[in-house]
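Have a look at the structure below, then the notes.
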Protein chains: 2
Amino acid sequence: MPKRVILVYTAGMRASDTAYTALQEDILEGRLAPGTVLGEVGQSERLGVSRTPIREAFSRLIAAGLAVQHPGRGTVVSDISLEDVDRLFEVRIPLETQAAGLAAQRGTPEVFTALAEEFRQAKLAPEAESHYKLAARMDEAIDTSVGNPYLSTMLANLRVHLIRVRRLAKDQPERLAESAAEHRDICLGIASGDSQMAEAATSLHLRRSLAYISELRQAEPVPSP
Amino acid sequence: MPKRVILVYTAGMRASDTAYTALQEDILEGRLAPGTVLGEVGQSERLGVSRTPIREAFSRLIAAGLAVQHPGRGTVVSDISLEDVDRLFEVRIPLETQAAGLAAQRGTPEVFTALAEEFRQAKLAPEAESHYKLAARMDEAIDTSVGNPYLSTMLANLRVHLIRVRRLAKDQPERLAESAAEHRDICLGIASGDSQMAEAATSLHLRRSLAYISELRQAEPVPSP
DNA sequence: ACATCTAGTCTTGTATACACAGACTGCACG
DNA sequence: CGTGCAGTCTGTGTATACAAGACTAGATGT
């Protein structure tokens, strides 16, 4: 007897996709804290699907680095802390710098002048949610301008982890305003077609972001688990 | 009628792992050409395991970029050509340059002086197989020296694709000797602890490799599929 | 008291059965 | 001869049953 048919099959949406999306959100939003053990049966009951799609979702989580597989203890949500920020930026800085430089060579300037204008306005009224939305749109514009799937994939993988550390380091309004100004500089550099300017602006922005987080970390030592 | 390959179940080796390894090798070695459709049932029969591990293997292939999922036609081996080399190097150059620079700061010099000596000897008798083995050992040494899992993961993903393009561009002995010399320079730069020297040597090596492949591509136009 | 062996109970790994969706084929009709 | 449609059919998505491995806890022997 079918015990429960919670999910009517949404059009074109596989159960494994919905499970992965739900799990990823739960991890990124912190509802599933690092160290949480994810049992296949437990999650299958929680999400109302069978173990098979859950397994698929777990595989993708592990591939994305959001979970790790423990030998006999199941898969657990991967740990992350402000310590990881240094290692993440060691990858992020060269990749995004490269992306900005290539976007300057290949992008259509109008797109980025428009984005620069948006950042100018955003600087006046800093607000975290809209700021990150706008930054994401800039990243997307850079991605499409560069037109390199390998680079885009790497950056996408990276951004997942950056979202997690962002939760740990709450931005303050003045930093958001600074960040908006730096984003504007990047857009202007790309729009001008000067790849070196775009690279410099990107490098500057990321190093300032890193410095901000670093001093935040020094000021507020890690809360012991 | 396709041959049925009996997989040897190594101790502690899951069937999904062996299936993935077999499929990856088949793709990397060219036995499964780009465009080949991979049916779950077909591969499960060929490899002698059930569909479930095959599905898992397919997921990992797709995540690695070795296969893509077509809407109604199943999953097919992803296409790759010498055209991809430019896009790959747009990611590879900044990442490996960064890695070399960090290795110079953090690695133990003795490891890399030893590797440099090996490259010096390899330069005298260029041979593709041993050259790539040695280069792989250098990459591994850099990875461990840097100690950045995010960077290591990205480079590992990248190298899978580089193996595929390497098959398309057959190296010639003189290029191997050059390459060995350039690898030696990288090792010496890292061993000296001079990150800028290591970065410069890496950048030079990769740009020369790219130039070599590019002129190879011009000389020998793509065979139309 | 401590170590070790063993039974039990989780957990994951694998196989298979069933359901559904898309694509191909054959035929009829314009 | 082309086009549309229906039937079939293959192939994936999902569920579940079965098997095997691993940690745990308890008992037992030293």
Side-chain angles (χ1 to χ4, degrees), chain A residues 1-24 27 32 34-78, chain B residues 1-2 4-24 26-27 32 35-64 66-78:
Chain A
M1 302 308 102
K3 294 148 190 167
R4 56 209 287 191
V5 184
I6 295 181
L7 284 184
V8 179
Y9 286 45
T10 322
M13 209 45 154
R14 300 190 294 267
S16 60
D17 287 338
T18 62
Y20 176 73
T21 305
L23 285 168
Q24 181 184 343
I27 295 175
L32 289 176
T36 307
V37 293
L38 298 175
E40 293 181 359
V41 286
Q43 295 304 313
S44 84
E45 288 170 359
R46 186 173 77 93
L47 298 176
V49 297
S50 164
R51 270 182 60 210
T52 309
I54 294 291
R55 276 185 75 78
E56 185 128 345
F58 278 16
S59 298
R60 291 170 66 183
L61 288 177
I62 292 167
L66 292 177
V68 293
Q69 200 150 28
H70 260 259
R73 262 177 217 162
T75 72
V76 303
V77 178
S78 71
Chain B
M1 171 118 91
R4 182 188 176 108
V5 178
I6 305 299
L7 291 180
V8 182
Y9 283 67
T10 322
M13 210 45 154
R14 300 190 296 268
S16 60
D17 287 338
T18 61
Y20 176 73
T21 305
L23 285 167
Q24 180 184 335
D26 288 342
I27 295 176
L32 288 175
T36 308
V37 293
L38 298 175
E40 292 181 1
V41 285
Q43 295 304 312
S44 85
E45 287 171 0
R46 185 174 77 94
L47 298 175
V49 297
S50 163
R51 271 183 58 212
T52 309
I54 293 292
R55 278 185 73 79
E56 187 129 342
F58 279 16
S59 299
R60 291 171 64 182
L61 288 177
I62 293 169
L66 291 176
V68 293
Q69 200 149 28
H70 261 256
R73 259 176 217 165
T75 72
V76 304
V77 178
S78 71

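Below, chains carry the letters A, B, ... as their sequence lines are ordered, and counting in each starts from 1.
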Exercise for the section: Let me see the working for A/Ile27 and A/Thr36 under side-chain contact (heavy atoms from CB on, under 4.5 Å), right down to the final yes or no. Expected result: CA-CA 10 Å; A/Ile27 295 175; A/Thr36 307; over 6 Å; no
Handout entry: Heavy-atom check, side chain of A/Val68 versus side chain of A/Val76, under 4.5 Å
Key = yes
Exercise for the section: Compare all side-chain heavy atoms of A/Arg60 with those of A/Asp17 and state whether any distance is below 4.5 angstrom. Expected result: yes
Problem - Closest to side chain of B/Val41, choosing from D/dT14, D/dG11, C/dT12 - result: D/dG11
Exercise for the section: State whether B/Gln43 places a side-chain N or O below 4.0 Å from either non-bridging phosphate oxygen (OP1 or OP2) of D/dT12. Expected result: no
Practice task
To the nearest Å, give me how far apart CD (B/Glu45) and C1' (D/dT10) are.
Solution key: 12 Å
Problem - Phosphate-side-chain proximity, A/Arg51 and D/dT16, N/O vs OP1/OP2 below 4.0 Å - result: no
Exercise for the section: Rounded off to whole Å, could you give me the CG-to-P distance for the B/Asp17 and D/dG21 pair? Expected result: 15 Å
Handout entry: Atom pair distance, as rounded to whole Å: CZ in A/Arg14 and P in C/dA21
Key = 14 Å
Completion exercise
Rounded to whole Å, CD1 of B/Ile54 lies from P of C/dA15 at a distance of 9 Å
Practice task
Among the candidates D/dT16, D/dT12, C/dT14, find the nucleotide nearest to the side-chain atoms of B/Ala15.
Solution key: C/dT14
Exercise for the section: Using a cut-off of strictly less than 4.0 Å, decide whether A/Thr75 has a side-chain nitrogen or oxygen near OP1 or OP2 of C/dT12. Expected result: no
Handout entry: Which nucleotide in D/dG13, C/dG13, C/dT16 has an atom nearest any side-chain atom of B/Arg55
Key = D/dG13
Completion exercise
Which of D/dT12, D/dT14, C/dT14 is nearest the side chain of A/Ser16? It is D/dT14
Handout entry: Euclidean distance, atom CG of residue A/Leu47 to atom C1' of D/dG13 [Å, nearest integer]
Key = 17 Å
Exercise for the section: Among the candidates C/dG13, D/dA15, C/dT16, find the nucleotide nearest to the side-chain atoms of B/Ser50. Expected result: C/dT16
Practice task
Report the distance from atom CD of B/Glu40 to atom P of C/dA17, rounded to the nearest whole Å.
Solution key: 16 Å
Handout entry: Intermediate values then yes/no, side-chain contact (heavy atoms from CB on, under 4.5 Å), A/Arg46 and A/Leu38
Key = CA-CA 11 Å; A/Arg46 186 173 77 93; A/Leu38 298 175; over 6 Å; no
Exercise for the section: Using a heavy-atom cut-off of under 4.0 Å over every strand shown, decide if B/Leu38 touches base, sugar-phosphate, or nothing. Expected result: sugar-phosphate
Handout entry: Close side-chain approach of B/Val49 and B/Arg14, heavy atoms under 4.5 Å
Key = no
Practice task
Quickly work out the B/Phe58 CZ to D/dG13 C1' distance and round it to whole Å.
Solution key: 14 Å
Practice task
Rounded off to whole Å, could you give me the CD-to-P distance for the B/Glu56 and D/dT14 pair?
Solution key: 15 Å
